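Computed from a predicted structure; not experimentally measured.
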Protein chains: 4
Amino acid sequence: MDAAITAAVRQLLAEVGYAGLTVAAVAERAGIGKASIYRRYATKHEMIFAATIHGEVLEAPLDTGSLLGDLTELARVIVSHLHHPAAASALMSLLGEIAADPALVERFTRNFVEPERAGNAEVLKRAVRRRELPQLPDMDLFHAMFGGTVLSWLFIAHHDPDDLPERLAQFACAALQATAHQPPPENAPS
Amino acid sequence: MDAAITAAVRQLLAEVGYAGLTVAAVAERAGIGKASIYRRYATKHEMIFAATIHGEVLEAPLDTGSLLGDLTELARVIVSHLHHPAAASALMSLLGEIAADPALVERFTRNFVEPERAGNAEVLKRAVRRRELPQLPDMDLFHAMFGGTVLSWLFIAHHDPDDLPERLAQFACAALQATAHQPPPENAPS
Amino acid sequence: MDAAITAAVRQLLAEVGYAGLTVAAVAERAGIGKASIYRRYATKHEMIFAATIHGEVLEAPLDTGSLLGDLTELARVIVSHLHHPAAASALMSLLGEIAADPALVERFTRNFVEPERAGNAEVLKRAVRRRELPQLPDMDLFHAMFGGTVLSWLFIAHHDPDDLPERLAQFACAALQATAHQPPPENAPS
Amino acid sequence: MDAAITAAVRQLLAEVGYAGLTVAAVAERAGIGKASIYRRYATKHEMIFAATIHGEVLEAPLDTGSLLGDLTELARVIVSHLHHPAAASALMSLLGEIAADPALVERFTRNFVEPERAGNAEVLKRAVRRRELPQLPDMDLFHAMFGGTVLSWLFIAHHDPDDLPERLAQFACAALQATAHQPPPENAPS
DNA sequence: CATTAATCGAGACGGTACGTCTTGTCTTGCA
DNA sequence: TGCAAGACAAGACGTACCGTCTCGATTAATG
């Protein structure tokens, strides 16, 4: 059923755009009732977010054998999933909606932020295992930096998505190696 | 009258957030009729855009004498401007709405993004002048990274704003020095 | 506009019945927005009630020259307006809905009960003027008796509507004359 | 199990009223599943009908020795049974729903209306036996008048229930004696 | 100075999406 | 197997809001 919702949202976003998308239309297209949508997602924005962003972005940063390769791939995956035509609108609007409600913040953090952070951490742990890094860096900062750069690049600067992954990965790789000898601050990565 | 509208929009954004802002409320707060608003702005989004973005650039990176100091101050300024309770909601939602309209994207870029990028560049040019950096880095990437990290830290990770400036500045400083020997890429803005 | 709503309700009651009537359908049929309906009526039941019952019932009990004639006419008018095919459902359901909410009780009383009571009083005042009655009777009781009898006759006993007016008028006329010498109780008719 | 359903329906009618009663709530209160309800009753209305009307006739007009006394007592009994806080909602709404279904009308008449009419008739027959009345009046009309007045007094005029019995009984008594010399009409039930 | 024209506030209007609710059916998992 | 628990499709409810429109009242400009 979640798949049907996701598919319906993507079809309709392509057909009528973000502003023209209605929950009723999604339900009809998916052949389900509106209640089944609201049972899963608290708001329309959350539904759209889950349908456009959620999924593969967060989960498995496959091992390419080097930190630089892993980071390039990670950036590429994030970019590709964020670059959906309507994703900009969806993500930003969702963040705006969420910010006002602590309960939604909590939900959003648990469902999207934490898994993504864990994925990032996995990549860096591999690098530590490979001795490319002496230790894990400040994960809070790294996570905000890596994803935030993609966000800003795409949705604020509106630069070409294809230009980013390699540049960002090189920058992040050098930065990690340059800052790795500093112990991370007191808030150790979870 | 335009001033009354602008003031009302800003007050209400702070009070009820972006999603809770209605044209009727703006009219009432401004003591005018809705028709007078629609005589000036074609849609609600244009009204909000005009009231929030218009001339709010605020990048004044005063010279602290060192790159690390400048970056810390820069981060602090960005954080302080972004951390207004309702600014989160307003900015993110506005980005979402803007993304759908290329004309607004263009205006947003010219009025907001470019000046900020110039401010960032000014800080780094100073560091070059001070010989702290051998050359200007990839400015597109640096700009996306610096602002994006703040954005993500505040509005996605929802971490403590006070924790960020120093950490980010140290990270950015080390990263810049580590990557400075690489020639920046062609730097073609997309 | 009220006329358009009333007409739409009556058409749709005839077409789809009481249970099948929706506010959205009424709005569409009337060529107006749902909000315009809810601006006038607090609930769907109130709208239906107003469209089926309200109007001529309450207002002008035309003078026939005698108390018996007036009461017969009054009963006939009430019966004819209450005997709309769906009026039974509408009235009873409305009363059921209303009973739970003091605000609706107040509204209902002001809009429907009081005018009808005033109409009843007008008929009896005429009889006093004609010297058919020495004084006004206990209006609270008379009003409840006259309308209540119609209600019960139609919707509880389900007797033939045409049988009622003459019988009720004769009964009421005789009863009024028999009880008229008693002073009405302390709550004098308003 | 039927007993559990019936009890749950009655409790919930008293607590939340007719409009607020849901099948899900009945099932939960009865500690059973919704399917078990729908196995017994085709619709919600049938369930409520079965739970409320079934054997609740309650007309016991005990002899007080005089017509006025009997009528006062009769009014008091009717008022007391109708004045339960939630009974108003339930009864009126049920009448509304019933009206749409001729089969339910028939059952309602046989189970509820006829016994009450017989009770009324019993009171008047006693008065005839006592020579307080020369003959039985138009029973259809009297029955509609007596019960209808209570209905209207309570649920339309929303007057104080305690004020009614004595006034109604006096009125009815005088009216009966005033109209008793007229032969009742053919009395054919419609 | 008086009359006309323009502009304003106030808010009703048509239209439409929202998120909630309920009905009656269908599925699941425990006893 | 039979039931409680509850998910499901369908769709109405009443609310909110947008952008348009109408209405008087107050200005402003003009004859």
Side-chain angles (χ1 to χ4, degrees), chain A residues 1-2 4-5 12 16 18-47 97, chain B residues 1 4 16 19-48, chain C residues 1-2 4-5 12 16 18-47 97, chain D residues 1 4 16 19-48:
Chain A
M1 174 122 61
D2 304 78
I5 295 173
L12 287 165
V16 300
Y18 182 89
L21 185 143
T22 69
V23 176
V26 172
E28 190 186 8
R29 178 68 60 99
I32 63 177
K34 281 203 308 176
S36 297
I37 292 179
Y38 283 105
R39 218 174 285 124
R40 286 170 174 69
Y41 310 107
T43 68
K44 182 171 78 150
H45 283 109
E46 196 173 326
M47 173 191 72
E97 285 250 314
Chain B
M1 175 124 64
V16 300
L21 184 143
T22 68
V23 175
V26 171
E28 189 186 10
R29 178 68 59 99
I32 62 177
K34 283 201 308 175
S36 299
I37 292 178
Y38 282 106
R39 217 171 287 123
R40 284 169 177 70
Y41 309 106
T43 69
K44 182 172 82 150
H45 297 320
E46 200 168 306
M47 173 191 71
I48 300 177
Chain C
M1 173 123 58
D2 304 77
I5 295 173
L12 286 166
V16 301
Y18 183 88
L21 185 143
T22 69
V23 176
V26 172
E28 190 185 10
R29 177 69 58 99
I32 63 177
K34 280 203 310 175
S36 297
I37 292 178
Y38 283 107
R39 218 172 283 125
R40 284 171 175 67
Y41 310 107
T43 68
K44 181 172 80 150
H45 283 109
E46 196 175 324
M47 172 191 73
E97 285 250 315
Chain D
M1 175 125 65
V16 300
L21 184 142
T22 68
V23 176
V26 172
E28 189 186 11
R29 178 68 59 101
I32 63 178
K34 284 202 307 177
S36 300
I37 291 178
Y38 282 106
R39 216 172 288 125
R40 284 169 177 72
Y41 310 106
T43 68
K44 181 172 83 150
H45 296 320
E46 200 168 308
M47 173 191 72
I48 299 176

Q: Of A42(C) and Y38(B), whose closest DNA chain F nucleotide lies nearer the 5' terminus?
A: A42(C)
Q: On DNA chain F, which is the earliest and which the latest nucleotide, 5' to 3', with an atom closer than 4.0 Å to a heavy atom of chain A?
A: dA7(F) to dA12(F)
Q: Just verifying a value: how many Å separate E28(A) CD and K34(A) NZ, rounded to the nearest 0.5 Å?
A: 12.0 Å
Q: Output the rounded distance in Å from NE2 (H45(A)) to C1' (dA17(E)).
A: 12 Å
Q: Considering all heavy atoms of both residues, which atom of G33(A) and which atom of A27(A) are nearest to each other, and what is their separation?
A: C-CB, 4.0 Å
Q: Give, for atom NZ of K44(B) and atom OH of Y38(B), the distance between the pair rounded to the nearest 0.5 Å.
A: 8.0 Å
Q: If you assign each of K44(A) and T22(D) to its closest nucleotide in DNA chain E, which residue comes earlier from the 5' end?
A: K44(A)
Q: Nearest 0.5 Å please: distance from the CD1 atom of I37(A) over to the CG atom of D2(A).
A: 10.5 Å
Q: My understanding is that only residues two or more places apart in sequence, or in another chain, count here; which of them pass side chain to side chain contact (heavy atoms under 4.5 Å, CB included) with A25(C)?
A: L12(C), T22(C)
Q: Looking only at non-hydrogen atoms, find the nearest pair between L21(A) and V16(A) and report the distance.
A: N-CG2, 4.0 Å
Q: For nucleotides 4-15 of chain E, just jot down a letter per nucleotide in 5' to 3' order: B, S or -, based on protein non-hydrogen atoms under 4.0 Å.
A: ----SS--BBBB
Q: Compare every heavy atom of A30(D) with every heavy atom of A4(D), then report the nearest pair and how far apart it is.
A: O-CB, 3.8 Å
Q: Taking the nucleotide of DNA chain E with the nearest heavy atom to each, does A24(D) or L21(A) sit closer to the 5' end?
A: L21(A)
Q: What's the separation between atom CD in E46(C) and atom CZ in R40(C), rounded to the nearest 0.5 Å?
A: 12.5 Å
